[in-house]
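Let me begin by presenting the structure, written as structure tokens, before commenting on it.
Each ligand, and each atom within it, is numbered from 1 in the order the structure gives.
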Amino acid sequence: MSERVVYFNGNFVPECEARVSIFDSALMFGDMAFEVTRTYNRKPFGLKEHINRLYGSLRLMEIDCGLNPNEMERLTLETLERNLPTEDSDMDWQIMHDVSRGPLEVYRSAFSEGIHSTVSINCWPLITHMGGFAPNYSTGVHVVVPAQQTLSAYLVDPKAKTRSRLHYQMAILQAKRMGPGRWPVLLDSDGYLSEGPGWNIFLVKNGVLLTPEPRNILLGVSRNTTLALAKKLDIPVRETNLGRYEALLADEIFCTATTYALCHAVSFEGQTIGNGQTGPVFKRLMQGWQDYVGVDFVNQAHSYAERLPAWEAAQK
Ligand SMILES: Cc1ncc(COP(=O)(O)O)c(C=O)c1O
């Protein structure tokens, strides 16, 4: 059984004991902000950025979690420290923050200690996520446009990262029906590309890196990192409205997200992008990322893939 511990409402408890109530507003409304951070060489990457985004989400949602950002950072580092010894020293980690308003007032009599926000910080070894993901680095992914649109900022601003994610789930289901390995990019109500259910999208046209302007999207930490690296590498960048047309004519398309950093697309809506291989701008950015974080995370993912069956067997 796992020896991992979770920070949960003021205490460190075994992972299996960290339970959110069925009366929690998270379950009732999807009323929960969250963050996913990863480590490189067991050090959290962009933790301050993730915590700032978490507090931005909480502000929008009018949730007071009872901790300030410095306390949240300190508790995050302590949660990680407590979990590191449970794995080999070459294991990197996912760190997840989940914060809700807590149980609904009407059920307060079920909570003798009173009701308050729900705060949890957990750490999970990246072997499962990245071991499973590894083949995508070689094969690339197929990006499709599902019927499901994104929520525009005037409805619920996607800059807040919340657990209210049914529209992403619908997009994933619709993409799955289009074929294996299909990744959905949701359009906004104007027909422009927004983002995938857990990633931001980039196109490259004539050497210029293009990405949707920050309107109807989550401002991904990996998106920011990619834009900063592109500037450092003298790759011209433009944040703009992009439609299906621009994607179909792109020389390169790729996706960015915390766990895998970046991954190229081989097709868009069934049409091959470029020559179906990784393009020159992507290659430079991939190298730039690996230099910046100090980990060859592609090799790492392949190594996790090999070790995953034994790791999973040992968990039982
Ligand atoms: C909707 C959405 N867009 C983009 C991203 C990528 O953000 P980041 O690079 O911070 O992981 C995520 C991450 O989970 C997401 O949920």
Side-chain angles (χ1 to χ4, degrees), residues 26 30 32-40 44-58 60-61 76 92-99 122 124 126 129-130 132-133 136 141 143 145-146 148-153 155-175 183-188 192-203 209 211-230 237 239 242 253-265 282 285-286 288-289 292-293 297 301:
M32 180 176 246
F34 79 110
E35 277 300 320
V36 176
T37 307
R38 72 159 282 172
T39 65
Y40 287 108
F45 178 74
L47 181 57
K48 278 192 198 300
E49 260 186 274
H50 283 283
I51 288 181
N52 282 343
R53 190 169 68 185
L54 177 65
Y55 278 78
S57 305
L58 293 175
L60 183 93
M61 298 165 80
T76 306
D92 269 312
W93 292 78
Q94 171 185 274
I95 304 167
M96 195 146 67
H97 296 87
D98 281 292
V99 180
N122 70 70
W124 183 270
L126 270 178
H129 298 64
M130 293 315 300
F133 184 87
N136 291 318
V141 299
V143 176
V145 176
Q148 177 67 55
Q149 290 191 343
T150 199
L151 288 185
S152 296
L155 297 172
V156 179
D157 200 320
K159 291 187 192 77
K161 190 169 164 82
T162 80
R163 291 288 184 197
S164 189
R165 290 169 90 79
L166 182 60
H167 56 304
Y168 295 136
Q169 182 68 299
M170 296 308 295
I172 291 168
L173 293 172
Q174 289 162 6
W183 280 29
V185 62
L186 287 77
L187 300 183
D188 67 17
Y192 293 121
L193 305 179
S194 65
E195 61 190 342
W199 43 273
N200 291 113
I201 188 162
F202 284 85
L203 316 183
L209 186 61
T211 197
E213 63 174 43
R215 194 160 51 114
N216 294 320
I217 59 168
L218 183 80
L219 298 176
V221 172
S222 324
R223 176 184 184 275
N224 290 347
T225 306
T226 303
L227 291 173
L229 284 171
V237 169
E239 295 173 69
L242 300 164
I253 298 182
F254 64 90
C255 315
T256 62
T258 288
T259 40
Y260 55 83
L262 65 174
C263 184
H264 72 289
F282 177 85
L285 286 167
M286 174 58 96
W289 258 94
Y292 185 53
V293 301
F297 46 81

Open item on the list: Checking contacts here: is it the side chain or the backbone of R165 that comes within 4.0 Å of ligand 1, counting heavy atoms only? Could be both or neither.
Closed with: side chain

Open item on the list: Below 4.0 Å, non-hydrogen atoms only: which portion of P158 touches ligand 1? Side chain, backbone, both or neither.
Closed with: neither

Open item on the list: Are there over 12 heavy-atom neighbours, none belonging to Y292, within less than 6.0 Å of that residue's OH?
Closed with: no

Please work out which of [options] has its closest non-hydrogen atom nearest to [atom].
atom                    : options          : result
atom 5 (C) of ligand 1  : G198, A257, G220 : G198
atom 2 (C) of ligand 1  : E35, R223, E195  : E195
atom 11 (O) of ligand 1 : V36, L262, T258  : T258

Open item on the list: Quick test of your reading of the model: are K161 and E35 salt-bridged, counting only N-O distances below 4.0 Å?
Closed with: no

TODO: Using a strict cut-off of less than 4.0 Å between a Lys/Arg side-chain nitrogen and an Asp/Glu carboxylate oxygen, indicate whether E239 and R223 qualify as a salt bridge.
DONE: yes

Open item on the list: I want to check a possible cation-pi pair here: R53 against Y55, using under 6.0 Å from ring centre and within 45° of the ring axis as the test.
Closed with: no

Task: R163 to F34, cation-pi by 6.0 Å centre distance and 45° axis angle - done: yes

Quick check on [X] - does any of its heavy atoms sit under 4.0 Å from an atom of ligand 1?
X    : answer
N200 : yes
G196 : yes
R53  : yes

Open item on the list: L218 versus ligand 1: do any nitrogen or oxygen atoms come within less than 3.5 Å of each other?
Closed with: no

Open item on the list: Any donor-acceptor pair under 3.5 Å linking the side-chain atoms of T226 with those of W289?
Closed with: yes

